[in-house]
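Whatever order the structure lists ligands and atoms in, that order sets their numbers, starting from 1.
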Amino acid sequence: MSITAVVLAAGKGTRMKSSVPKVLHPVCGLPMISHVINNLKEAGVERIIVVVGPEGQGIREMLGSEVEYVLQAEQLGTGHAVLQTEPLLRNRVSTLLVTYGDTPLYRAETLRRLIKVHQETQASATALSVFLDNPTGYGRIIRDAEGVFCKVVEEKDAAPEEAAVKEINSGTYVFQSEPLFAALHQLSPKNAQQEYYLTDVLEIIKKQSGRIEIFTHDDCEEVLGINNRVQLAAAEKILRNRIREKWMLAGVTMMDPDTTYIDAQAELEPDVVLMPFTFIEGRTRIASGSVIGPFARLRDCVVGENVTIDHATALESAFEPGCTVGPYTYIRPGCRVAEKAKVGGFCEIKNTTVGPGSKVPHLSYLGDTTVGSGVNIGAGTITCNYDGQKKHRTEIEDGAFVGSNCNLVAPVKVRAGAYVAAGSTITEDVPSGALGIARNRQRNILGWVERRLQKRSSQEEG
Ligand code: UD1
Ligand code: CA
């Protein structure tokens with residue numbers, strides 16, 4: 001049976017105290033609502049409708065056309081939010097999963113089980129609950145003496161004995177659409193928050209002799225709802241742990257998992273080694289045999305096999321098999337470090353290709369540069385790529401040798417096999433096979449030290 005899901009994301013997220021909509025705050029590098037959407041898809045949900053508020057533009061831009069949108073013009077509560085989907089869904093779909101955009105930690109398997117319970121019991125509505133040692137902030141599941149479900153009570157409306165209940169409403173439900181929409185029309189905002197609570201539909205459906213099923217789940221981490229930054233950090237920690245375990249079980253070595261941070265979208269091959277204090281961010285992919293860290297941060301990088309990256313920050317760049325980077329090196333966006341190339345200690349490169357087997361071993365800055373294969377760049381050499389207004393390219397062709405401490409003033413080319421003498425400031429192209437030398441010839445003034453000492457002592461006497 002095909003399942004349609006409604007994700008509520010129109011709330012103001014006041015408790016986040018942020019100018020960014022709550023559901024766009026990232027958890028392990030991915031906006032929390034994207035986790036919700038991915039989990040739903042993985043659970044087999046085919047159609048997803050996201051309820052957004054007037055400030056939902058950012059959400060629409062981020063999720064694009066992979067989901068449909070319904071506007072909730074005024075934030076009158078979670079029940080009111082679901083009611084906005086009525087024109088789109090009532091009489092059109094029979095079974096509806098409803099969840100919130102601020103609960104990103106469900107496993108797809110749990111959602112699948114919830115749907116299965118709903119279908120097998122033929123309930124009108126099935127809600128997911130868990131028991132929490134500290135239920136603060138959640139709606140409580142109230143049952144009668146026989147343990148039969150009565151209603152959900154929001155914390156702000158709860159009598160003390162209700163607040164003491166540790167079984168909470170996780171906020172994910174499966175409904176038969178007809179009784180759901182009928183009940184939504186009967187909601188009243190007579191409660192502490194003066195909102196139309198979605199949670200009240202369960203009691204209404206039950207009173208109209210619908211069957212309510214409560215699926216009590218045993219993993220209390222999955223249902224964490226993010227209302228503030230403390231909960232955001234808690235979610236980050238839980239997800240980070242899951243991601244680490246997934247990759248370790250898939251063959252990745254982590255010397256110290258506690259200081260290894262991997263974003264949700266990263267991909268690692270078996271026999272990758274992550275050393276302590278390492279951050280694998282965004283869509284970074286790392287191939288087998290590579291050793292990353294200690295103290296490395298890679299964002300949106302593609303790393304081939306047997307690469308070493310030590311004490312470095314690397315952004316939006318590619319590292320081909322067997323290359324080495326670091327320590328203390330900054331690889332800015334748009335770089336390609338080719339096979340067996342080296343970008344060594346205290347270097348910064350930007351929008352630069354370092355060709356196969358080439359070496360930039362120490363203390364260099366290369367910006368907007370193409371380095372061919374088998375090139376050696378001496379210590380302290382920099383490209384002067386910026387004239388104050390525009391950026392220009394430097395090309396250093398195959399087999400060239402650039403001595404230490406040179407300035408290559410772009411646009412400029414060092415042709416194949418050319419040499420550049422140490423300490424040169426190169427402003428013109430160096431032809432193939434030539435030596436480019438651009439510095440004053442050294443002069444040795446013989447006896448100068450002796451004469452200076454004599455001059456000084458005669459001054460002191462006089
Ligand atoms: C809600 C539940 C509570 C449950 C908890 C689980 C209600 C009334 N309460 O409380 O029982 O234990 O989630 O995490 O449903 N939203 C809208 N439009 C609105 C209001 C909210 O789209 O008018 C969206 C929010 O963006 C959010 C979600 O609904 O993603 C939940 O709203 P929130 O205010 O966070 O509800 P809780 O107080 O956490
Ligand atoms: Ca919430």
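- Heavy-atom contacts of T78 reach the following atoms of ligand 1: 7 (C), 8 (C), 15 (O), 20 (C), 21 (C), 29 (O), 31 (C), 32 (O) (cutoff under 4.0 Å).
- The minimum distance between the Ca ion (ligand 2) and any N, O or S atom of D102 involves atom OD2.
- Residue contact annotation: Y100 places no N/O/S atom under 3.0 Å from the Ca ion (ligand 2).
- Tested against R393 for a side-chain hydrogen bond (donor to acceptor under 3.5 Å, both in side chains), the candidates T383, T370, N385 yield a single pass: T370.
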Inset, instruction - For side-chain contact (heavy atoms from CB on, under 4.5 Å), just list the numbers for L198 and L180, CA-CA rounded to whole Å, side-chain angles, deciding distance to a tenth of an Å, and then say yes or no. - result: CA-CA 9 Å; L198 174 61; L180 168 67; 4.3 Å; yes
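- Atom OG of residue S170 and atom CZ of residue F215 lie 9.5 Å apart, to the nearest 0.5 angstrom.
- In this structure the side chain of P135 never reaches within 4.5 angstrom of the side chain of V165, judged on heavy atoms.
- Numbered from 1 in the order shown, with element, the atoms of ligand 1 that lie under 4.0 Å from a heavy atom of Y197 read 8 (C).
- In this structure, of V51, N227, T99, I33, the residue bringing a heavy atom nearest to atom 39 (O) of ligand 1 is N227.
- Counted by atom type alone, N191 and K156 present zero donor-acceptor pairs between their side chains at under 3.5 Å.
- Proximity of R15 to ligand 1, defined as any heavy-atom pair under 4.0 Å, is confined to the side chain (atoms from C-beta onward).
- Heavy-atom contacts of K22 reach the following atoms of ligand 1: 35 (O) (cutoff under 4.0 Å).
- Side-chain contact of T216 with S129: a donor-acceptor pair under 3.5 Å is present, judged by distance alone.
- The contact set between ligand 1 and Q72, taken as ligand atoms under 4.0 Å from a residue heavy atom, comprises 17 (C), 18 (N), 19 (C), 22 (O), 23 (O).
- The residue among G77, G139, A10, A9 with a heavy atom at the shortest distance from atom 23 (O) of ligand 1 is G77.
- The ligand atoms of ligand 1 that sit less than 4.0 angstrom from a heavy atom of G101 are 30 (O).
- For atom 25 (C) of ligand 1, the nearest non-hydrogen atom from the set G56, G11, P135, S129 belongs to G11.
- Counted by atom type alone, T308 and T324 present zero donor-acceptor pairs between their side chains at under 3.5 Å.
- Distances from atom 3 (C) of ligand 1 to the heavy atoms of M32, Q84, E154 show the closest one on E154.
- Around atom CD of E66, more than 12 heavy atoms belonging to other residues, nucleotides or ligands sit under 6.0 Å away.
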